[in-house]
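In what follows, chains are A, B, ... by sequence order, proteins preceding strands, each numbered from 1.
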Protein chains: 2
Amino acid sequence: MKAEQAIDDRSGISLHDRIRDEIEANVMSGRWSPGHRIPYEHELMKHYSCSRMTVNRALGTLVERGLIERRKRAGSFVMTPKFHQAVFELPELRSQVVAQGKTYDFDLLRRELRRANAADRSHLNIADGEVLHLQCLHYVDAKPYAFEDRLINLELVPEARTAAFDREPPNSWLFAHVPWSDARHQITAFNADAELARKLAIRPDCACMMVERWTWRLPERTTYVQMIHPGPLFSIEAAFRP
Amino acid sequence: MKAEQAIDDRSGISLHDRIRDEIEANVMSGRWSPGHRIPYEHELMKHYSCSRMTVNRALGTLVERGLIERRKRAGSFVMTPKFHQAVFELPELRSQVVAQGKTYDFDLLRRELRRANAADRSHLNIADGEVLHLQCLHYVDAKPYAFEDRLINLELVPEARTAAFDREPPNSWLFAHVPWSDARHQITAFNADAELARKLAIRPDCACMMVERWTWRLPERTTYVQMIHPGPLFSIEAAFRP
DNA sequence: AAGTGGTCTAGACCACACA
DNA sequence: GTGTGGTCTAGACCACTTG
């Protein structure tokens, strides 16, 4: 019974990986178009001389990846590819910059502890409470690279009360100290107003990219941040979702 | 043997889903910090009165999601969360707009079949060959929403030679006709020049968002496109990677 | 009614890393 | 060596859906 496995076990790849890869290749190359019915589990069992669990595992992975869809009594079908799903990384700025051999600095421009105002309550989705409002400028090779404008929900992150944020930037501090479970991002392009242009040392009206992030520790929001970058210095790269 | 399953089978959720969810909750809430060793498969088997395969499946899913790491002989450990990975969707414009009950239109501004020039060769990473250059404007509710500037590698997509692209926009046509295996995106903010401003009916210098996409059918590039949106009308939403 | 996929079991052998 | 995870088997029952 293990004989078949041993025979097929070339190059250290597991059998379910091989089955998955071979089906994936058929889909990706277009040989199996969207809507094509792929072989039944029973047929794949015979083809690969393996048990149904092994086939099932391979197909289950393909379902998670969105490549196939499975319908009881009908079979498994190639899905119309979800062209549009892409994954990107928003780097933790300081370590990213240092890793590239560039210099990183930041200035804390504002640190205000206050009772939440209307805008704060909206951003953090709270009825009341205290927030910490931080603004700082990030520099890469001594040039302004990002303006950070952040709210921290002090009910959820009381440790932030006593953090100075004068040596460690807020994003790094939060990453290290605050557990989180979910985040939502919005990316927008807009023209800099005079004050932002002054801070970022760009001309007024220069196109900027804003990345807003709401972070949850379910079910509540811990922090809201706007990271605003000069358009000419910043871009986001994203790959098709692997 | 099936008795235990029947007893635990509440609310139609499978057991491996329940195991995965409960471990996930412990990680997400911070009760199990990064580095924490989660129970051995053997312990989880006892706790849930199930077989090792069921536990293994739950843990395997968590590995794929990047929440835990498994080391032989040592156990399974909570990973440091990858803060920065986020996933977004770039909708197929027409169907997206129509689904929202808005009107969609587009104008084909340019359709040129030519020998690849230097820029074309660079964008498509080819040494020579013919390309199709398309430009069109997409309208949502009769207002310009995007300017599309696209190159198609005719060696790889010969069917595009005979497609008119006067009724179906290039992105929809390609989506339906051309298999692809990989894509890379770049998102940039920039100020509109006079000509672009005229096309998009925005003021010159208005911030725009450009999404560039290179699409592969491995190992070659099938198409390169710039989608340029008026900043005030467009944003990208992204969720933490599920 | 029949055949598909969804899920699970109770074993098993193996590689690997650590003691 | 020892115990972990990685993988696989040869069954099983069930729900669902479709012919």
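- By the ring pair (Phe, Tyr, Trp, His ring centres under 6.0 Å) test, B:His229 is found to be paired with B:Tyr145, B:Phe234, residues two or more places apart in sequence or in another chain being considered.
- Using a 3.5 Å distance cut-off with no hydrogens or angles, the side chains of B:Tyr48 and B:Glu22 do pair a donor with an acceptor.
- Judged by closest nucleotide on DNA chain D, A:Asp17 is the one of A:Arg73 and A:Asp17 placed further toward the 5' end.
- Comparing B:His16 and A:Ala74 by the nucleotide of DNA chain C whose heavy atom lies nearest to each, the residue mapping closer to the 5' end is A:Ala74.
- The separation between B:Glu69 atom CD and D:dG5 atom P is 12 Å, rounded to whole Å.
- Residues meeting the salt bridge (charged side-chain N to carboxylate O under 4.0 Å, His left out) test with A:Glu155, sequence neighbours left out: none.
- Under 3.5 Å, the side chains of B:Thr222 and B:Arg217 contain no donor-acceptor pair of N or O atoms.
- Taken residue by residue, residues 35-45 of chain A places no heavy atom nearer than 4.0 Å to DNA chain D.
- Per the geometry, CZ belonging to B:Arg70 stands 19 Å off P belonging to C:dA15, to the nearest Å.
- Residue A:Ser51 has its side chain nearest to D:dT9 when only C:dT7, D:dT9, C:dT9 are considered.
- Here D:dC8 presents its C1' atom at 11 Å from CZ of B:Arg52, a figure rounded to the nearest Å.
- Not a single donor-acceptor pair, N or O on each side, falls under 3.5 Å between the base of D:dG6 and the side chain of A:Arg57.
- When rounded to the nearest whole Å, the span between CZ of A:Arg20 and C1' of D:dT7 equals 14 Å.
- Partners of B:Phe147 by ring pair (Phe, Tyr, Trp, His ring centres under 6.0 Å), not counting sequence neighbours: none found.
- Residues that satisfy the side chain to side chain donor-acceptor pair (under 3.5 Å) test with B:Arg52, not counting sequence neighbours, are B:Glu41.
- Among the nucleotides D:dG5, C:dG6, D:dA10, the one closest to any side-chain atom of A:Lys72 is C:dG6.
- Within the 4.0 Å cut-off from OP1 or OP2 of D:dG5, at least one side-chain nitrogen or oxygen of B:Ser76 is found.
- Using modelled atom types, one finds a donor on one side chain and an acceptor on the other under 3.5 Å when comparing A:Glu148 with A:His138.
- Under the 3.5 Å distance criterion, with hydrogens and angles disregarded, no donor-acceptor pair is assigned to the side chains of A:Ser76 and A:Arg37.
- Here the P atom of nucleotide C:dG5 and the CD1 atom of A:Ile68 are 9 Å apart, to the nearest Å.
- Listed candidates were D:dG6, D:dC8, C:dT9. Nearest to the side chain of A:Ser14 is D:dC8.
- In this structure, the CZ atom of A:Arg71 is 10 Å from the C1' atom of D:dT17, given to the nearest Å.
- As rounded to whole Å, 12 Å separates atom P of C:dA10 from atom CG of B:Leu15.
- Listed pair A:Thr54 / D:dT7 fails the phosphate criterion, with no side-chain N or O lying under 4.0 Å from OP1 or OP2.
- At whole-Å resolution of the value, CE in A:Met53 and P in C:dA10 are 14 Å apart.
- Crowding of B:His177 atom NE2: a count of heavy atoms from other residues, nucleotides or ligands under 6.0 Å exceeding 12.
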Nucleotide-level pairing of DNA chain C, given in dot-bracket where Watson-Crick and G-U pairs need both distances under 3.5 Å and | marks other strands: ||||||||||||||||||.
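- Counting only N and O atoms by type, the side chains of B:Ser172 and B:Glu92 include a donor and acceptor under 3.5 Å apart.
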